[in-house]
J.: 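Please find one structure pasted underneath; my questions will follow.
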Amino acid sequence: MIVHFAASTANIKKQLPLFSDICSYIKQEGHTLSRDWIPHVAKKFGTAGAVEYSSDIYEKVVESILAADILIVEGTHLSFSVGQQITLALSKSKPVLLLRSADTSDGAQPFSFDFLKGIANPLLTIALYRKKDLATIIRTYLVDDSKKGSIKFNIILTRALDAYLEWAAHAYKKNKSQMIRQILTEHMTRRDKKYSALLAAQHH
């Protein structure tokens, strides 16, 4: 699966090893990050210790979320941008794993007061973790077959497109949904150079 990883950069110098570990766990399970930003973020510290963002960062994050199958979020320190990413993912019917550290000694918001805990959405999973359990929690979430299910949506077609689907379904002995999935899969894997470039960039 393709995974979008999100976390607040407010305390990035201290959290960078943890974020790197999470991304490593994802890759070790054979999955791909839609935006592998951790290796590069350390080079973008400003004089105040904050990350300096480029003007197109919002577009990159949105593209990454839309390209991903699921989101994994380290949300011990919540931020406005992380909240936006979670909201966007859920609005696009993408499963989200929100990780919160059991150790709040560094001033993290107490888990019980997190407004995200009240979201009644079956796609949102909130997990309280300790460092020694983190890899297991991520592995268990990623192998859960329910995260690989199909998403249902309505589509409006012209008469010509509907007629083609009816013909193709009969000619190739498939139903119309199977034909649409096949056409989209072929376009995604063979013809969409921009999407292929996006995925390829995550390996560099």
Side-chain angles (χ1 to χ4, degrees), residues 1-9 12 15-43 57 59-77 81-82 85-102 116 121-153 177-178 180-204:
M1 287 189 292
I2 301 174
V3 181
H4 173 82
F5 172 67
S8 171
T9 58
I12 189 65
Q15 298 295 94
L16 196 56
L18 171 64
F19 298 166
S20 296
D21 285 346
I22 293 174
C23 291
S24 294
Y25 298 149
I26 293 169
K27 294 174 184 178
Q28 287 168 12
E29 293 303 312
H31 304 285
T32 302
L33 291 168
S34 55
R35 180 171 173 263
D36 197 0
W37 54 276
I38 296 299
H40 309 288
V41 74
K43 301 177 182 179
I57 188 65
E59 186 66 26
K60 289 180 178 179
V61 170
V62 170
E63 277 193 358
S64 177
I65 293 172
L66 295 179
D69 298 306
I70 65 173
L71 269 70
I72 292 182
V73 180
E74 206 300 316
T76 303
H77 295 270
S81 63
V82 171
Q85 291 177 61
I86 293 172
T87 300
L88 175 60
L90 293 176
S91 73
K92 298 299 181 181
S93 299
K94 296 179 185 287
V96 176
L97 172 63
L98 175 62
L99 299 165
R100 297 297 304 273
S101 173
L116 287 172
N121 190 321
L123 293 174
L124 177 63
T125 300
I126 300 175
L128 198 62
Y129 73 87
R130 297 190 182 281
K131 186 69 182 296
K132 62 182 179 66
D133 302 319
L134 189 53
T136 300
I137 291 172
I138 292 172
R139 182 183 305 111
T140 301
Y141 184 80
L142 289 173
V143 300
D144 186 347
D145 287 338
S146 68
K147 307 299 181 302
K148 306 172 186 177
S150 301
I151 296 174
K152 182 178 180 180
F153 74 101
S177 293
Q178 290 173 321
I180 291 173
R181 287 196 293 271
Q182 178 179 319
I183 292 168
L184 284 174
T185 299
E186 290 179 354
H187 181 79
M188 177 181 70
T189 57
R190 300 180 184 179
R191 301 179 183 178
D192 196 328
K193 304 301 183 184
K194 186 176 181 180
Y195 183 73
S196 297
L198 172 67
L199 296 183
Q202 311 314 319
H203 297 287
H204 301 290

J.: Distance from T136 atom OG1 to R130 atom CZ, nearest 0.5 Å?
T.: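 Output value for this atom pair is 14.5 Å.
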
J.: Does Q85 reach the side chain of V96, with side-chain heavy atoms less than 4.5 Å apart?
T.: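 They are not in contact (no side-chain heavy atoms under 4.5 Å apart), so the answer is no.
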
J.: Can you tell me how far apart CG (L184) and CG (D192) are? Round to the nearest 0.5 Å.
T.: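 Between atom CG of L184 and atom CG of D192 there are 10.5 Å.
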
J.: Any non-hydrogen side-chain atom of L142 less than 4.5 Å from a side-chain atom of I72?
T.: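 Yes; the side chains approach each other to less than 4.5 Å.
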
J.: How long is the straight-line distance from CG of L71 back to CG of L124, given to the nearest 0.5 Å?
T.: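 Here the interatomic distance stands at 10.5 Å.
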
J.: Please report the closest heavy-atom contact between A67 and Y195, naming both atoms and the distance.
T.: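 Nearest heavy atoms, A67 then Y195: O-OH, 3.5 Å.
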
J.: Run the side-chain contact (heavy atoms from CB on, under 4.5 Å) test on I70 and L97 for me, step by step, so that the C-alpha distance in whole Å, both residues' side-chain angles and the decisive distance to 0.1 Å come before the verdict.
T.: CA-CA 8 Å; I70 65 173; L97 172 63; over 6 Å; no

J.: Answer yes or no: is there a side-chain heavy-atom contact under 4.5 Å between I65 and S34?
T.: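 Contact flag for I65/S34 side chains = no.
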
J.: Do side-chain atoms of S20 reach the backbone of L16 as a donor and acceptor pair under 3.5 angstrom?
T.: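 At least one qualifying donor-acceptor pair exists.
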
J.: To the nearest 0.5 Å, what is the distance between NZ on K94 and CG on L88?
T.: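 Output value for this atom pair is 8.5 Å.
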
J.: Nearest 0.5 Å, please: how far is NE2 in H4 from CG in L33?
T.: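 Spacing of CG (L33) from NE2 (H4) equals 9.5 Å.
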
J.: Work out which heavy atom in A7 is nearest to a heavy atom in F19; give both atom names and the distance.
T.: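 Between these two residues, the closest heavy atoms are CB-CZ, 3.5 Å.
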
J.: For residues E74 and Y129, report the shortest heavy-atom separation together with the two atoms involved.
T.: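 Result for this residue pair: OE2-OH, 2.7 Å.
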
J.: Rounded at 0.5 Å granularity, tell me how far CZ in R100 sits from NE2 in H77.
T.: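 Atom-to-atom, R100:CZ and H77:NE2 are 8.5 Å apart.
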
J.: Within a strict 4.5 Å, meaning less than it, do heavy atoms of the Y141 and I26 side chains meet?
T.: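 No; the side chains remain at least 4.5 Å from each other.
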
J.: Can you tell which of V3, V73, I138, I38 makes a side-chain contact (heavy atoms from CB on, under 4.5 Å) with I22?
T.: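 The option that passes is I138.
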
J.: So, W37 side chain and A6 main chain: donor-acceptor pair closer than 3.5 Å or not?
T.: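 No.
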
J.: Between D69 and H31, is any pair of side-chain heavy atoms under 4.5 Å apart?
T.: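 Not touching, per the 4.5 Å side-chain cut-off.
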
J.: Do the side chains of L18 and T76 get nearer than 4.5 Å, heavy atoms only?
T.: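 Counting from C-beta outward, T76 and L18 never come under 4.5 Å.
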
J.: Do E63 and K194 have side chains that get closer than 4.5 Å, going by heavy atoms?
T.: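 SC-SC contact between E63 and K194 confirmed.
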
